[in-house]
2 protein chains.
Amino acid sequence: MVTQASAEELTQRLRDAITRLNRRLRQERPVGDLTVTQLSALTSLRIGGALTPRELSEAERVQPPTMTKIVAKLEERGLISRTPHPTDGRQVLLSPSDQGFAVLDDYQRVRDEWLAGKLADLSAQERDTVARAAALLERLARD
Amino acid sequence: MVTQASAEELTQRLRDAITRLNRRLRQERPVGDLTVTQLSALTSLRIGGALTPRELSEAERVQPPTMTKIVAKLEERGLISRTPHPTDGRQVLLSPSDQGFAVLDDYQRVRDEWLAGKLADLSAQERDTVARAAALLERLARD
DNA sequence: TCACGCTTATTAGCTTAGCTAATAAGCTTG
DNA sequence: CAAGCTTATTAGCTAAGCTAATAAGCGTGA
């Protein structure tokens with residue numbers, strides 16, 4: 001046990017760290033570029049394959065109308081395409097368009113430079129801690 | 001080394017985890033309650049003592065006009081008070097009001113229940129990982 | 001000493017991101 | 001096949017962020 005903060009302190013500290021780092025991440029967006037929210041949704045589509053808006057909204061932990069907006073932005077840019085659901089006329093299947101995949105590839109290489117640089121400054125052991133924590137935090141967020 | 005993800009994967013994963021957990025945290029706000037942003041600013045004032053708007057905006061990694069808005073919200077609720085700067089007529093000193101301190105104390109006890117509950121579900125070892133990572137993430141955000 | 005240039009805070013106006021409530025369309029089932 | 005559920009969208013709101021422009025005060029150099 002390296003640290004022995006109280007549960008309250010840990011909670012507060014983690015919330016502050018998340019809040020500020022999130023703010024910092026949002027700042028790093030070059031103008032005219034995808035926002036963190038848009039990128040995250042597009043990434044979910046790549047991971048999840050073709051998803052309906054509802055499924056995507058659940059994956060992103062966002063209400064359906066919010067996802068409608070995000071999807072609209074991505075569609076404006078031609079990054080996703082929609083196909084009718086084979087058996088259910090209400091639903092729609094969303095997936096990244098060819099251009100969407102291309103953009104994702106670009107981001108994977110070019111983007112996140114700030115965060116990647118920061119992580120590179122850490123020791124291998126610290127990076128390992130962060131990697132394990134990232135998995136835990138995802139689990140937390142997943143419910 | 002438990003994990004051996006590539007640097008790119010780690011970056012992407014951490015960004016996603018931060019983004020989603022942040023979203024989840026924002027959701028947990030009871031209506032009529034302080035937002036995460038407002039709480040963070042108020043906390044900075046408690047930690048930093050009397051700060052000018054500029055200093056506070058730097059602490060929160062936000063542009064000055066954004067901080068003007070946040071401060072206005074907090075003032076509406078009577079949670080911070082402003083006093084003129086002793087030597088510089090342009091500047092203002094902000095600090096939590098008595099009520100602001102009281103609210104902070106309340107939050108410290110009552111709030112963050114969701115996150116605290118989640119953390120309680122982790123094993124002691126996992127919690128330790130998260131605690132160490134939180135410290136690292138704060139350092140990352142600090143620049 | 002005082003005019004000009006910097007700093008600080010605010011205002012105005014925009015975008016994004018989130019929410020709830022209400023609608024419309026399509027399914028499903030008794 | 002009507003009634004009720006599910007899905008997606010629309011409408012309209014708030015919060016949170018930004019940049020550009022303004023106004024006030026400070027400080028300095030000719």
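- At C/dA17, none of the side-chain N or O atoms of A/Gln63 fall inside 4.0 Å of OP1 or OP2 (strictly under the cut-off).
- Nearest heavy atom pair, residue B/Arg127 against residue B/Leu119, reads NH1-O, 3.2 Å.
- With sequence neighbours left out, the side chain to side chain contact (heavy atoms under 4.5 Å, CB included) criterion links A/Ser95 to A/Ala50, A/Ser81.
- Protein atom CG of B/Leu74 is 13 Å distant from nucleotide atom C1' of D/dA15, rounded to whole Å.
- For the pair B/Arg61 CZ and D/dC18 P, the interatomic distance rounds to 11 Å; values are reported in whole Å.
- In terms of phosphate contacts, B/Thr37 brings no side-chain nitrogen or oxygen within less than 4.0 Å of OP1 or OP2 of D/dA15.
- Each end of the helix from C/dT1-D/dA30 to C/dG30-D/dC1 gets its own axis from five base pairs, and the two axes differ in direction by 0°, given to 10 degrees.
- Checking side-chain atoms of B/Arg46 against main-chain N and O of B/Pro96 turns up no donor-acceptor pair under 3.5 Å.
- Of the two residues near DNA chain C, A/Thr87 and A/Lys73, the one whose nearest nucleotide lies more 5' is A/Lys73.
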Can you build the contact string for nucleotides 3-13 of chain D? Use B for base contact, S for sugar-phosphate-only contact, and - for no protein heavy atom under 4.0 Å. ---BSSBB-BB

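- Across A/Thr129 and B/Ala133, no two heavy atoms sit closer than the pair CG2-N, 3.8 Å.
- Here the side chain of B/Glu126 pairs a donor or acceptor atom with the backbone of B/Ser123 at under 3.5 angstrom.
- Separation of atoms CG (B/Asp121) and CG (A/Leu136) is listed at 12.0 Å; rounding is to 0.5 Å.
- Side chain to side chain, A/Gln63 and A/Ser57 fail the donor-acceptor criterion of an N or O pair below 3.5 Å.
- Checking each of A/Leu45, A/Ile70, A/Val62 against A/Leu56 for a side chain to side chain contact (heavy atoms under 4.5 Å, CB included) leaves exactly one that passes, namely A/Leu45.
- A/Thr66 has no side-chain polar atom (N or O) that falls below the 4.0 Å cut-off from OP1 or OP2 of C/dA17.
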